[in-house]
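Okay, structure first, notes after.
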Protein chains: 2
Amino acid sequence: MLTIAQVERETGLSKDVLRVWERRYGFPVPSRDEAGDRLYDAAQVERLRTIKRLMDRGFRPGRLFAMSPEAFEALASAPAAGGPAMALDKACKAAIECILSDDNLGLRQSLNQLLAKQGLQRFVQDTVPVLNEQIGNSWASGRLAVHQEHLYSEEISRLLRSAIGNLPAGNQPPCVLLTTLSGEEHGLGLLMVEGMLAPEGARCISLGLQTPIEEIAMAASAHEIDVLVLSFSVAFPPRRGLAELQRMRAAIPERIEIWAGGGMTRGLLRHKLPGVLWTPELTDCLQRLQDWRIRHAVVV
Amino acid sequence: MLTIAQVERETGLSKDVLRVWERRYGFPVPSRDEAGDRLYDAAQVERLRTIKRLMDRGFRPGRLFAMSPEAFEALASAPAAGGPAMALDKACKAAIECILSDDNLGLRQSLNQLLAKQGLQRFVQDTVPVLNEQIGNSWASGRLAVHQEHLYSEEISRLLRSAIGNLPAGNQPPCVLLTTLSGEEHGLGLLMVEGMLAPEGARCISLGLQTPIEEIAMAASAHEIDVLVLSFSVAFPPRRGLAELQRMRAAIPERIEIWAGGGMTRGLLRHKLPGVLWTPELTDCLQRLQDWRIRHAVVV
DNA sequence: TTTCATACTTTGTCCAGGACAATGTGTTGA
DNA sequence: TCAACACATTGTCCTGGACAAAGTATGAAA
């Protein structure tokens with residue numbers, strides 16, 4: 001039995017939301033302890049997690065709560081649409097198998113093989129997104145436990161970091177600063193972008209996650225950067241993303257380009273923000289890099 | 001001007017706390033927008049951050065708010081006591097200088113040198129804590145910006161990961177699982193522990209940050225681990241830490257040892273939890289490892 | 001048919017102020 | 001010196017009302 005604060009941490013739904021849903025939709029209906037405080041059982045938390053996941057895909061709560069249990073189940077276990085059902089490489093399949101069977105050494109080995117075979121950029125561009133999607137689907141349909149997802153993230157990060165670290169230090173323009181805004185906790189996207197740019201010799205400086213806007217601005221001037229890369233996961237509220245991007249844009253000189261990427265940006269492509277370039281796909285980063293170098297007449 | 005939600009994210013103080021402080025202590029006193037919602041200016045947010053920092057050191061709000069402005073200032077800029085004022089290595093000083101002057105290449109280079117000279121374990125044990133403390137003090141006294149702290153964390157993590165990655169894969173007992181509980185976002189401690197254990201040939205599996213207790217239990221049985229390492233930063237509420245550790249202890253077989261480390265544990269040493277071993281210092285990990293191996297008659 | 005502006009609905013966040021339990025602190029007695 | 005008690009402090013939770021921003025449907029004009 002979990003308290004409302006624990007449920008907030010585990011599902012990402014704020015206490016206010018949990019209470020207002022209870023009032024409006026009649027779900028969840030937690031029991032109470034002697035003091036009258038809410039206590040949620042595991043089943044309800046599980047259901048809340050599923051709902052959150054579906055909302056991150058664009059469904060709205062009103063619909064979800066109005067659905068019949070069967071329809072809801074079907075939706076929850078259906079793979080995310082839109083992703084072109086790519087043919088799975090045999091090696092990819094092997095990696096997925098390792099995750100499902102908790103074979104961490106095997107996983108490490110198969111990822112290493114894939115990376116060695118494809119090279120860093122192709123690995124980041126083609127393989128990692130496929131794996132991510134597979135993992136996401138398996139998670140949504142309950143075939144994969146949270147701890148297995150954690151292990152996967154950890155191993156991928158480890159691998160990308162070490163691959164990037166083994167590259168010679170980039171010292172050619174542009175100078176790129178990479179980070180996420182406060183509230184964005186997913187760092188894999190950032191690492192993937194770095195994996196695309198670093199092999200091109202760009203000078204990459206990563207600040208890690210959740211840097212406040214004013215701080216990014218200070219870092220931008222301290223390091224005299226040319227490009228600021230910001231990553232937003234699908235779970236980031238698009239409206240907030242747009243607002244923060246505007247604040248960010250106003251906080252640094254126009255000379256500096258902002259490249260905004262990650263799942264959230266896919267829904268915002270038609271919103272044109274002056275001085276902000278959308279890079280929803282990883283290949284877009286390479287394109288942007290090339291454009292920048294041509295525009296600044298940099299020969300590499 | 002920031003909304004209450006933004007201040008919560010940036011300071012780590014919950015909305016409830018912000019409102020109740022306003023009611024009780026008369027600080028902060030945000031202005032209001034047209035809708036009557038609170039708007040905090042930068043100065044108040046800065047002050048709140050300082051207060052949070054002092055509270056993480058053990059001060060209670062009542063005291064802090066009752067203090068004269070001068071006394072408060074003095075406290076805020078004083079270095080944390082308790083840390084034995086260690087003599088700073090010249091190389092350490094150089095690294096700190098690089099951070100203060102935003103010289104990220106120089107920083108990387110000087111850290112690399114220190115690591116190469118000392119070896120992974122000594123580096124983790126002697127140098128990293130000193131650097132951490134220096135950074136913490138500089139931050140508290142305003143000499144260091146948040147983005148500089150971010151850069152430092154990022155570079156240290158990078159370095160430790162790559163050093164650990166270059167070790168031969170540990171395949172000797174015990175099998176150790178490393179992670180933090182939900183709510184603990186600081187991962188450097190975890191990496192440092194891994195940096196101590198991996199060179200000893202222990203089989204380390206890291207799940208990254210914020211793994212729910214039930215998931216840790218599942219991972220523990222899936223990987224047949226011998227030891228569970230949990231890291232708690234100073235900012236983790238001790239009371240909650242104790243409660244969660246008890247829940248965690250009950251969720252896995254007694255056979256598995258739990259090693260709890262990090263700043264929070266320093267205040268809990270006299271609380272004896274059966275089956276939980278405190279490892280407040282990094283050297284304690286090595287001691288525990290040796291103990292474990294002797295007790296299980298493992299010859300390495 | 002498409003595009004755009006307008007009105008309606010949904011939904012997350014905020015507010016006030018009361019309540020309470022857990023923790024810290026100080027005092028008394030053994 | 002230590003244990004037990006009472007008192008003060010402090011974070012979290014509660015209810016239920018309010019509102020604005022985002023999404024959605026409707027209808028007019030191109």
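Below, read A as the first sequence line, B as the second, and so on, with proteins coming before strands; counting in each chain starts at 1.
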Here the distance between atom P of dA21(D) and atom CD of Glu244(A), to the nearest Å, is 15 Å

So for Arg19(B) and dG17(C), does any side-chain atom that can act as donor or acceptor lie under 3.5 Å from a complementary atom in the base?
no

Starting from the 5' end of DNA chain C, give me the residue, Gln6(B) or Glu34(A), whose nearest nucleotide shows up first.
Gln6(B)

Could you give the NZ-to-C1' distance, from Lys15(A) to dC13(D), as a whole number of Å?
8 Å

Report yes if a side-chain nitrogen or oxygen of Arg38(B) is closer than 4.0 Å to either non-bridging phosphate oxygen (OP1 or OP2) of dC15(C); otherwise report no.
yes

Quick check on dT10(C): is either OP1 or OP2 less than 4.0 Å from any side-chain nitrogen or oxygen of Tyr25(A)?
no

Show every donor-acceptor pair shorter than 3.5 Å between a side-chain atom in residues 11-21 of chain A and any protein atom, with sequence neighbours excluded, or say none if there are none.
| residue | atom | partner | partner atom | Å |
| --- | --- | --- | --- | --- |
| Thr11(A) | OG1 | Val7(A) | O | 2.8 |
| Thr11(A) | OG1 | Leu13(A) | N | 3.1 |
| Ser14(A) | OG | Val17(A) | N | 3.2 |

Upstream residue (5' side of DNA chain D) when Ala35(B) and Asp37(A) are each assigned their closest nucleotide:
Asp37(A)

Side-chain-base donor-acceptor pair under 3.5 Å for Arg24(B) and dG11(D)
yes

Identified side chain to side chain contact (heavy atoms under 4.5 Å, CB included) counterpart of Leu181(B) within the set Thr211(B), Leu209(B), Ile216(B):
Ile216(B)

Could you state the CG-C1' distance from Asp33(B) to dC14(C), rounded to the nearest angstrom?
10 Å

Under 4.0 Å from OP1 or OP2 of dG11(D): is there any side-chain N or O of Ser14(B) that close?
no

Consecutive-pair stems (3 or more, Watson-Crick or G-U, under 3.5 Å) for DNA chain D
C:1-30 with D:1-30

Arg288(B) and Asp284(B) ion-paired at < 4.0 Å:
no

Nearest whole angstrom, please: distance from the C1' of dT11(C) to the CE of Met55(A).
9 Å

Taking Arg249(B) first and then Glu244(B), would you say they form a salt bridge - that is, a charged N and a carboxylate O separated by under 4.0 Å?
no

Less than 4.0 Å between a side-chain N and a carboxylate O, is that true for Arg38(B) and Glu22(B)?
yes

Would you say the base of dG24(C) and the side-chain of Arg60(B) have a donor-acceptor pair closer than 3.5 Å?
no

Check the phosphate of dT15(D) against Arg32(A), side-chain N and O only, distance under 4.0 Å to OP1 or OP2. Yes or no?
yes

Ion pair Arg9(B)/Glu184(A), N-O distance below 4.0 Å:
no

N/O donor-acceptor pair, side chain Arg63(B) with base dG24(C), under 3.5 angstrom
no

When you compare the side chain of Cys285(A) with that of Val193(A), does any pair of heavy atoms fall below 4.5 Å?
yes

With sequence neighbours excluded, what pairs up with Phe236(B) under the ring-ring contact (aromatic ring centres under 6.0 Å, His included) test?
Phe232(B)

When rounded to whole Å, the CZ to P distance for the pair Arg23(A) and dT15(D) reads 9 Å

Once you round it to whole Å, what is the distance between C1' of dT10(D) and NZ of Lys52(B)?
15 Å

Integer-rounded Å distance: dG11(D) C1' and Ile51(B) CD1
15 Å

Nearest-Å distance, CG (Asp16(B)) to P (dT15(D))?
13 Å

Earlier contact from the 5' end, DNA chain D, for Gly62(B) and Glu8(A):
Gly62(B)

